[in-house]
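Here, residue 1 is the first one in the sequence, and each next residue gets the next number. No experiment lies behind these values; they were computed from the predicted model shown.
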Amino acid sequence: AAIVVLSKHQTPASLESVKEIITHVMRKHEDALIEVLAPKHAVVASFLQAPPGPAAYASGSGEVFGVLQNMKSTLENDLEDLRRKEKEEKVNFAELKAVKQREIDGLQGQVNAKSDELASTNQKLENDKTDKEDTEAAKDADTSFLADLKTRCRNIDNEYSQRQMSRNEEIGAVQEAIKILSDDDAFETFGKSFGFVQLDARRAGQAVRARVQRLLVQVATRTHSGQLAALAGTMGLDSFEKINEAIDKMVARLKTEMEDEVKHRDYCTAELASNEKTTGQKNKALADDQAEVQSLAGDLKKINKAIEDAQAEIADIKKAILEAGQNREGENAEYQETINNQRKTQELLQKALSALNKVYGKKTTLLQHKHTQPQPAGFEKKKKNAGGTGVVSLIEQLIGDSKEVEQEAKDSERQAQSDYESFVSDSNDSIDKLKKQITDREEEKSEADEEMTLTNQDIKATQGDLDHLASVRSDLHKECDFTLKNFDARQKARKGELEGLASAKSILAGADLS
């Protein structure tokens, strides 16, 4: 309807303000209106450059208003397209963001899994290295112990052989002495001595004593036996009674040695068993503590990784807040510019509207005085430009559209500010939660460090106990190995000595020449 009105014949009016508005809009939206104005560029330019006066407002000016209507329609269509494209881009961006976030989450899960696998592999590697070092150290210690044991065993075997040979020679000497004393010639000599002269008996006893003494001296010399040497020495000086006393003392001493050796054997067996049991317990405790240290080391690595991840996430959130703040500043600057531009546009349009209203707003008043004064001769009836009311309506509609754009900008600004504040609030909440997690992890780390220190102290103490037990075990082996290995043979040899001394005493008791 406005186009129909504006296309009618028009008369000159005060439209200089409208020309200024058209010039301003064309300059501001030159890129958007270039296609619209291209076909009518000459008409619009003629309208804008026409000098004021009746010729400037011929009926062709209605075509200019048609161009203005076309401009308005083009701008509205462009605004609608921009809104539609913005909405589509928001949807596309949200979908793309969701897809990328899922990809990020999936990749982050893979990263976490690989990180855990790497940590587990590194821990296993460290454990294997430690086991290898411990095994090599144990192998070296066992090799050294085996070599030392072989050397000591050879020495002990040699000593045992020499002692066994000495014992056998002692036993042989005693048995030969008993045989000499038990010989029929000795009994015959003893009988003749009782029946005849005392002097002959003494001579016969001295002969027997000398014979036994020589034998004992020879055996003592070969076996390096101090006991037999001492007994042989007494036979040449003492009477048979003293020899019997010496034999009794020797028997008692041999029995005491046998009992002491039994006690020593029992002591060695008990101490070695106790040492072995305690060593096993300490080794188990050491292994448990070492496993605990490895577990704590793994826990500490995970805790440190969690702390680093939380700190990195906090840094990312702070960076996102900073970027969001910068974006918000840019959006607010655009908003301020939009508001200023729209208000300036409204102000210019309002001025143009006021200028038009000065002319077209008097229509009612002029109609009331239509018949009050007669028309002078020679003048035709003057009419208002019929297109003026269409221009007023167009400007009012442009003002309304500008206010609508301004309101939409305000609504968008409020929503953007609200979204930004919500984002900052949620981000700060996330940071607080991450800081709480870091605090909790720091406490766990402190507890794990303390437990690690205590466990290492226990390992050091246990290792010290094991070293002490090893030293005691070594001393026990030095003290006990010979006794344990030769116990039965030594007991058997002493028993044979006791039997021989008992026989000798019986013979001497039957040959009492005192």
Side-chain angles (χ1 to χ4, degrees), residues 97-146 278-323 427-470:
K97 181 180 179 182
V99 172
K100 293 301 180 182
Q101 187 62 46
R102 287 194 295 271
E103 292 179 358
I104 290 172
D105 294 340
L107 293 174
Q108 187 63 44
Q110 295 179 12
V111 170
N112 294 337
K114 293 299 182 181
S115 297
D116 294 340
E117 183 179 354
L118 177 61
S120 177
T121 303
N122 289 334
Q123 183 63 41
K124 185 176 183 302
L125 177 61
E126 293 298 327
N127 295 341
D128 292 342
K129 287 182 179 179
T130 302
D131 292 342
K132 179 183 177 183
E133 293 175 357
D134 294 341
T135 303
E136 290 177 348
K139 177 186 176 183
D140 294 339
D142 291 342
T143 302
S144 177
F145 175 76
L146 180 61
T278 304
T279 300
Q281 293 173 347
K282 293 294 183 180
N283 281 325
K284 184 178 183 303
L286 180 63
D288 292 341
D289 289 339
Q290 289 174 341
E292 179 67 16
V293 167
Q294 293 175 358
S295 177
L296 289 171
D299 293 342
L300 284 172
K301 184 174 291 185
K302 292 180 180 178
I303 290 172
N304 289 328
K305 181 66 166 55
I307 291 174
E308 291 175 358
D309 291 343
Q311 291 174 342
E313 190 171 353
I314 288 174
D316 291 340
I317 292 175
K318 289 182 177 179
K319 181 180 179 181
I321 291 175
L322 179 61
E323 292 177 351
S427 298
N428 287 330
D429 290 341
S430 299
I431 289 175
D432 292 338
K433 291 179 181 179
L434 290 171
K435 287 182 178 179
K436 179 65 167 55
Q437 292 179 9
I438 291 175
T439 301
D440 294 339
R441 293 294 182 272
E442 291 289 351
E443 291 178 358
E444 293 177 4
K445 180 181 179 181
S446 177
E447 294 175 358
D449 285 334
E450 183 178 359
E451 189 172 355
M452 175 80 81
T453 300
L454 294 177
T455 305
N456 283 326
Q457 291 176 355
D458 291 340
I459 290 175
K460 185 177 181 180
T462 303
Q463 190 61 56
D465 293 340
L466 286 171
D467 293 341
H468 176 69
L469 288 169

Test side chain to side chain contact (heavy atoms under 4.5 Å, CB included) applied to L454 and Q457, step by step: CA-CA 5 Å; L454 294 177; Q457 291 176 355; 3.8 Å; yes
Under 3.5 Å: donor-acceptor pair, side chain of T130, backbone of E126: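 Between the backbone of E126 and the side chain of T130 there is a qualifying donor-acceptor contact (under 3.5 Å).
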Closest non-hydrogen atom pair between N122 and K301, with its separation: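 Scanning both residues, the minimum pair turns out to be CB-NZ, 4.1 Å.
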CD/E323: more than 12 non-hydrogen atoms of other groups inside 6.0 Å: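 Yes - once you tally the heavy atoms of other residues, nucleotides and ligands closer than 6.0 Å, there are more than 12.
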[atom1]/[X] to [atom2]/[Y] distance, rounded to the nearest 0.5 angstrom?
{"X": "I321", "Y": "I431", "atom1": "CD1", "atom2": "CD1", "result": "4.0 Å"}
{"X": "I438", "Y": "E308", "atom1": "CD1", "atom2": "CD", "result": "10.5 Å"}
{"X": "M452", "Y": "I459", "atom1": "CE", "atom2": "CD1", "result": "9.0 Å"}
{"X": "N428", "Y": "K435", "atom1": "CG", "atom2": "NZ", "result": "8.5 Å"}
{"X": "I303", "Y": "E442", "atom1": "CD1", "atom2": "CD", "result": "9.0 Å"}
{"X": "Q281", "Y": "N283", "atom1": "CD", "atom2": "CG", "result": "10.5 Å"}

Modelled atom types, side-chain donor and acceptor of N112 and Q108, under 3.5 Å: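 The criterion, which ignores hydrogens and geometry beyond distance, is satisfied for Q108 and N112.
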In plain terms, say whether [X] and [Y] are close enough for a salt bridge, that is, a side-chain N and a carboxylate O under 4.0 Å apart.
{"X": "K436", "Y": "D432", "value": "no"}
{"X": "K132", "Y": "D128", "value": "no"}
{"X": "E136", "Y": "K139", "value": "no"}

Please tabulate, for side-chain N and O atoms in residues 287-299, each donor-acceptor pair with protein atoms closer than 3.5 Å (sequence neighbours left out).
| unit_1 | atom_1 | unit_2 | atom_2 | d |
| --- | --- | --- | --- | --- |
| D288 | OD2 | K284 | NZ | 3.2 |
| Q294 | OE1 | N127 | ND2 | 3.3 |
| Q294 | NE2 | N127 | OD1 | 3.1 |

